[in-house]
Amino acid sequence: MVIITGKTKLLGIIGDPVEHSLSPVMQNEAIANLGLDCVYIPLPVKQEDLAKALAGFSAIGLVGFNVTIPHKQAIIPMLTEVTPNAAAIGAVNTVWSTPEGWQGTNTDIDGFMAPLKQMEQDWSNITPVILGNGGAARAVVVGCAELGCPEIGVVGRSEQKLDLFTQSWRQTSLSTTLKVYKWQELAGLVSSTDLLINTTPVGMYPYVNESPLDLEVMDKLKPGAIVYDLIYTPRPTLFLQRAQQRGAIVIDGTEMLVQQGAAALEIWLQQPAPVEVMRKSLLANLR
Ligand code: NAP
């Protein structure tokens, strides 16, 4: 049981809705494991109330908080400082208090990279192919660039959105060559890549019988390729099952979820997070 004292420090997550977030249970188990007088609470904040909520957090001395839909972009101009990676992505998911004001970053990048960093792999020879060009794809692009991939292919179904995606990186210092492709070009890309990443929601619960790639394209997969699906329900997705049947090394989205939370906790507490405790908590609470 968490014991609240007069000195308990406050952390939390803002969003609308936040009821379904797994972060409170995962973060509170981590805090309890560390034996700290601190609590992580859900903070439902409506879109129009964001500025008022921030002022209130400053007034009560909140240590920091996670940010989810619909505030990830809207909060950026309200912060004193944003890390270059979060600015490049255009979304913040972790905020912390400083004497100068609120600072923000995006720990989805750390979360995405964590399982890849554990592999013995020379990323400078790898050209990842990313399916989708939404919010998560942006964190994946920055993550792949940080790993050292010299070129990244992003595949989308809307030419217009792909153009906007390309333009959106022009003012950033992205250290990789970004190429965009239409969905129809997938077969050629899949046959040559060693790292294929799904950032679309296709195959996510309850649509568990769907896959972003049809069987004909899946058959082009290189044996031994790494196939990463950001989805964490179900585990594994149909996409990952099919990839595994074709000899791929597969990674699902749970580790990314755990590690983005661990990275946030480390920023707030300035000490290592109990990652194994967080992983166990998340797996026990996933549907
Ligand atoms: P998003 O911003 O809505 O982007 C979704 C992307 O998928 C868009 O580019 C969209 O294309 C594309 N897409 C959707 N349906 C498609 C279809 N049937 N065929 C081809 N492309 C399709 O969503 P997001 O925030 O990036 O999240 C995407 C997924 O990543 C979700 O499943 C989410 O749960 C997961 N995720 C996991 C983690 C983690 O920690 N594991 C973190 C973040 C996100 P259009 O733009 O053309 O619609």
Side-chain angles (χ1 to χ4, degrees), residues 13 15 17 20-23 26-27 66-74 85-86 89-94 105-116 129-144 152-166 168 178 180-186 189-190 196-214 217-218 227-240 250-265 275 278-279 281-283 285-287:
I13 177 165
H20 307 295
S21 172
L22 295 169
S23 294
M26 179 172 78
Q27 297 289 10
N66 280 131
V67 185
T68 188
I69 291 166
H71 306 305
K72 282 182 164 197
Q73 288 89 26
N85 278 345
I89 295 173
V92 156
N93 79 336
T94 302
T105 191
N106 194 313
T107 63
D108 278 344
I109 308 165
D110 313 77
F112 163 73
M113 285 194 296
L116 296 174
V129 171
I130 301 172
L131 307 176
N133 49 260
R138 300 188 71 82
V140 170
V141 165
V142 174
C144 289
I152 300 169
V154 174
V155 190
R157 57 182 178 173
S158 155
E159 228 170 303
Q160 199 193 356
K161 284 186 182 172
L162 282 174
D163 283 345
L164 289 173
F165 188 83
T166 305
S168 70
L178 198 61
V180 295
Y181 300 91
K182 284 173 276 177
W183 212 259
Q184 298 86 308
E185 297 172 89
L186 256 173
L189 294 165
V190 168
L196 178 64
I197 306 151
N198 177 38
T199 75
T200 80
V202 183
M204 187 164 74
Y205 181 86
Y207 304 104
V208 298
N209 294 321
E210 294 180 9
S211 168
L213 300 189
D214 59 31
V217 178
M218 280 311 278
V227 179
Y228 194 153
D229 197 338
L230 265 51
I231 294 171
Y232 46 85
T233 48
R235 304 179 63 226
T237 54
L238 181 60
F239 174 58
L240 287 191
V250 299
I251 305 171
D252 68 38
T254 45
E255 195 59 13
M256 175 170 173
L257 196 58
V258 171
Q259 297 280 356
Q260 61 78 30
L265 198 62
V275 177
M278 298 175 86
R279 189 180 291 124
S281 162
L282 185 81
L283 292 177
N285 287 284
L286 274 175
R287 189 196 301 267

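We number each residue from 1, following the sequence as shown. Order of listing sets the numbers, starting from 1, for every ligand and every atom in it.
- Within the 4.5 Å cutoff, side-chain heavy atoms of Leu213 are placed close to those of Phe239.
- Listed by first then second residue, pairs satisfying salt bridge (Lys or Arg N to Asp or Glu O under 4.0 Å) with a partner in residues 133-142 number zero, not counting sequence neighbours.
- No donor-acceptor pair closer than 3.5 Å links the side chain of Thr94 to the backbone N or O of Asn106.
- Side-chain contact of Asn66 with Ser23: a donor-acceptor pair under 3.5 Å is absent, judged by distance alone.
- Protein residues lining ligand 1, listed by chain and number: Gly132, Asn133, Gly134, Gly135, Ala136, Arg157, Lys161, Trp183, Thr199, Thr200, Pro201, Val202, Met204, Leu230, Ile231, Tyr232, Gly253, Met256, Leu257 [non-hydrogen atoms, distance under 4.0 Å].
- Leu164 meets the side-chain contact (heavy atoms from CB on, under 4.5 Å) test with Gln167; sequence neighbours excluded.
- Under the salt bridge (Lys or Arg N to Asp or Glu O under 4.0 Å) criterion, Asp108 pairs with Lys72, not counting sequence neighbours.
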